[in-house]
Structure formats: C-alpha cells, structure tokens
Amino acid sequence: MTTFKDLGLQSSLLSAIADLGFESPSEVQYKAIPLLLGEETDLVALAQTGTGKTAAFGFPLLQKIEAGTTTTQGLILSPTRELCLQITNELQLYSKYEKGVNIVAVYGGASITEQAKQIKRGAQIIVATPGRMKDMIQRGIVNISKIEYCVLDEADEMLNMGFYEDIKDILSNTPEDKSTWLFSATMPKEVAQIAKKFMHHPREITVGTKNAGAVTVQHEYYIVGGRDRYPALKRLADANPGIFSVVFCRTKRDTQRIAEKLIEDGYNAGALHGDLSQNQRDLAMNAFRKKQIQLLVATDVAARGIDVDDITHVINYQLPDEIETYTHRSGRTGRAGKSGISMVIVTRSELRKIKAIERKIQQDFLEKKIPTGIEICEIQLYHLASRIRDTEVNPEIDDYLPAIYDVLEGLDRDALIKKMVSVEFSRFYNYYSKTRDLGYQMSSSEEYSGKAIPSEGSVRYFINMGERDGFDWMSLKDFLRETLGLEKEDVFRVDTKDSFSFFNTEANLSPLVLETFKDFKLEGRRIKVEVSKNPVRNGKNRKRDRKRGRRKEGNFSSGKVGTGSRKRKKGKNPGFF
Ligand code: AMP
C-alpha cells in the first residue's frame, strides 16, 4: 500500500499528517501529489468533494512555496466563503510544522480592511473567493503578479455561480508561466474551455469515473403523489433515527416553507437560503455542524459552502433542473471514506429525469417505497430498545429508587419491559396507525423499467448489528454476502440504523439465512437475525394491532426517544421521538 512517505513529502508535512491521523493517501492524493512535486505542470483533476482533494493540492503547494520570503506565491480560488475558510483551516493544520508560513483567507461579507492588514503582514498563500479577490486587486490591496501556483478549486461550481469573468480578470493579473491546478467534480464544457484557454498541456487525473457521482453514495428514489411530498419527507426522516441530512428544495420560498413546517412539526430543522442574512446563515450552519439541526433545508446555491463530512442522507425534496446539480447535491454525503444515501422524492411524471441522471452518473437508482407507518413504528421500537440498553445509568437516580420500586411493585420483568417500551411506542403508533400509506399503488416497479427491487416473494430481516458496530449499508451487505456465501444481488434493501439493521433476500433463501445465524457469534457477541414482523405487509390483523396500540396509550409526557433530540410540540404530531 502506498504511504504518504512514498509520495515524496517532506518530514515536517509527514509529522502534520501523522497528527491528523491520516493513515494512507486517498486516490486523488496518490495520483496528484507525486506528479505536482515532481514537475512544474498544469493539472486538471476530476475529483468529487470529500475525496481529500484539499490535501492533494495543499501538500505539494506547502512543500513548494518558500517560507523565507513574504511574497505571495500561491493563490487558491474557491466558490464560497465557507469553502474558502475550510481550505484555509485545513492548510493551517497541514502547515503546523512549517515555520513562517502565512495563509490568509479573503472572502466577501467580512471586513476588507482586516483582510488587507493580514495580507500586508505577508501571505505566501491566499485562499479567496473570486468576487472579493477581484475587488482587492482593483483597490491595489493585493499583489498576485508573482504567484507561481494558482489552484482553481471546485471550478465547475465557480462557473455555475457566474464567476467566469471574475476568474478571467484575476488570472490576467498573474504571470503567464505559473502552474495552474484545476480541481472539479464534473467537466462541463465551460470548465473544459477554461482549461483550454488558461492552461498549457495540463496533465489530467481522474478519480473514479468522469462525471460520476461518488461510488460511496447509494441513490434511491421514492414515488409519491404531488401532494404527498411533505408527509413523505417526514416519513423518510422518521424511518432513519439519527439522520443528519441536507434537504434540497428548488426555491428559497419552498426552502423556508418546508423548514418552518418541519420545525412546527417538532423536528430539529433549519433553513439555509439566500434571502437570509449572512448572520442567519452562519447561525444555521453552526447549529448544523454541532448537529443541533438534523434536517438542514437548503437551496442549491446556499448549500454550496456546506462542508460537513458526516452527512448521512441527502434528500432531494424536489429534483433540480440540471443533472450536474444532482451530482453536487449527492456529493454532500458519502464523504471522507464514509458511505451515504441520496434520496429523491419524485412524482410519476418525473421518472424520466431519474433515468437521465442514472445515465449521467453511471450508477443505478434503487426504487424504494416510502416506509409504511407500521414499518416506522418497528424501526423506532428497536431504536428505543437499543437506546434503553445503551443509556448510562445516572447515579443520582439511586435516591429515588426505593419510591420507584414501591410504585412498580408487583410488575414482573416482562410486564415492566412491555410497559416501558409502550410508553413511547404507543405515541407514534397512534399517530401512524391512523395515516394512510404513501405512494403504495403508484410505485409499481414494473412500470419503471429501471433496476427495480422485487418486493413480492422477498423476505425482510432484522439483524442486531448496525452503524455502532462499524457497519454501513455497503459493508453490512458485504458481510452478509460473505457469511451466507451469496452473490451480490442476493442480499438487498440493506438499511443500517444505529444499533440494528434490516435487509432482504428472496424467500427461497430464508432457510439458509435463518440457519446460518441460528447460533452465530461475532467477536464473542451473539448475532441475531429474525424475520422482520410487519403487520401491514404480511396482511395480518392490522385492526387488532391497532386496538391493542390504543389500549396501551397512556400518559406520554416523558422524555425524548428516537432521534434523541427532536423537540416535541403539543397537539401537532401526537408522538415522536
Ligand atoms: P476534501 O475532499 O479535501 O474536502 O477532504 C475531505 C475530508 O477528508 C477532510 O476532512 C480531510 O481532513 C479528510 N482527509 C483528507 N485526506 C485524508 C486521508 N488521506 N485520510 C483520511 N482523511 C483524509
């Protein structure tokens, strides 16, 4: 395996890399770093966000610049203020052991005088957004006439945002013989034109397939009626306790409206769009980074700066007009070696767009059904049980125990567990058992000729392992395939949750599955696989179950379950987690 040392990096950078805990170079890094260190060349690198591209240009740049002089030698242009700050921050970490290196961020919406002061003190590297950079050049505050390296990061985004003229102007103030390194997730013709116009015989590297979405992302679509978009969104959130997601809408109005509705319905949601002040956007971003917001509803433009690595789901509340935009949206998840899911809520009439995206990203979508209320209840029930198991006992509770024992006297273990779980379960059960299923008749897989998942004749299983055990849907699928000795297609609909998961096989494989996991242990732990009980799908006794649920209804004023931090609002949704 290639190591960072093999790439030719100097020891001070290797020490910083060790401190950061990067174990081995990512694909873009082992392709770009030796090339950029080895020769003075222009470079076009096709790489998604989250692939480690900042380090791919950052390390060579830091090794090549001279710290002994204060002359600006490197200029990095990035589309947004957030990305600009992110790059600056990363480079500062990388240059921890480089003496005398100053990296200054230059972006709109902050004091130009302060930024000018920092540059005056000497900045070997400037990281800038195009608009502010152009402004500074015009005011004569910054001198980039001697730069040797110019990085155009997320070039496609910069052009999307209309920065072509600004970039052209900025580059006209730089020396002809500098090296230009262009990084882009996609290669629309506008980016190819930039490469042609401003670069000399650039070397080209591609990470993954050209124009392809990141392979760590699973793409799913859910067919609903036009009016069911919002309830469908809520169900997708409810079926994924612990979701940490960006929800994309097409307009600022929709973004604001959906965020407000979610908040009103008791979700930890926030809005991010261009009609908000910079201060409001900063507040939303900070809350999102701290995971105080779980569902960040955003427009495409506003979301460009989001640089958060552990987004679990991207939800396309509406599809974008441009396919390129879909690539950018889905690239917000599945970053830094993690896997992610990009979900699209579509109406029937939009299905051809899914096909067009599939062709472009060269990846198939899975057709999925909006979870039924009962499925959501099941997921939340297991989640609740896991949370109870994992809850740390607060020693303060000891003083109250004698009184509690008195109250609960006469209840055996079984009764106690049932009652405890029912306190929360009934709240959402009562809500969901009264709702109809969404998109059920409409989402017939036969009518869409893409890769549909057989739902008839397949069996869904519950397994007591999940993300907490280090699995994501891909690695769990691999584990199941290998353990069961099956082919890739034999295990499907793998949904990992926090401490448990679900998966499907065809019904004829269920004896094998159940037999294999009968007394199965993994690292000493008993692994259980059970056929998932689903009263609706199995068509059994829905009425009876409903009645039972009602009978168990009680006083539900207790604490939060499920996503753990969802705020509850009285009256609206009668019970959530
Ligand atoms: P980027 O594509 O530059 O936005 O990087 C995405 C994230 O991956 C950042 O948080 C980096 O700190 C991290 N990262 C970059 N290179 C590596 C690596 N070789 N190993 C582990 N993490 C990395």
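Side chains are part of it too, since the values below use all heavy atoms of this structure and drop only hydrogens, waters and symmetry mates. In this chain, residues are counted from 1 in sequence order. Atoms within each ligand, like the ligands themselves, are counted from 1 in listed order.
Not one N or O of Glu23 is nearer than 3.5 Å to an N or O of ligand 1, by distance alone. The shortest N/O to N/O separation between Gly52 and ligand 1 falls below 3.5 Å.
Taking the charged nitrogens against the carboxylate oxygens, Arg387 and Asp498 have no contact shorter than 4.0 Å, which rules out a salt bridge.
The option from Phe22, Tyr94, Phe57, Tyr30 that lies nearest to atom 21 (C) of ligand 1, judged by heavy atoms, is Phe22.
Below 4.0 Å from some heavy atom of Thr54 lie the following atoms of ligand 1, by number and element: 1 (P), 3 (O), 4 (O). For ligand 1, the atoms lying closer than 4.0 Å to a non-hydrogen atom of Glu90 are 9 (C), 10 (O), 11 (C), 12 (O).
Among residue pairs with one or both ends in residues 169-186, those qualifying as salt bridge (Lys or Arg N to Asp or Glu O under 4.0 Å) are Lys134-Asp169; sequence neighbours excluded.
Only side-chain heavy atoms of Gln29 come within less than 4.0 Å of ligand 1; its backbone N, CA, C and O stay farther off. Neither the backbone nor the side chain of Phe183 has a heavy atom within less than 4.0 Å of ligand 1.
Checked options Ile33, Leu13, Leu35, Leu14; the residue passing with Leu7 is Ile33 (criterion: side-chain contact (heavy atoms from CB on, under 4.5 Å)). Just one of Val142, Ile141, Thr129, Ile112 meets the side-chain contact (heavy atoms from CB on, under 4.5 Å) condition when paired with Asp135; it is Ile112.
Contact annotation: Ser24 has at least one heavy atom less than 4.0 Å from an atom of ligand 1.
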Donor-acceptor pairs under 3.5 angstrom involving side-chain atoms of residues 191-199: please list them, not counting sequence neighbours.
none

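Aromatic ring centroids of Phe365 and Tyr326 lie under 6.0 Å apart.
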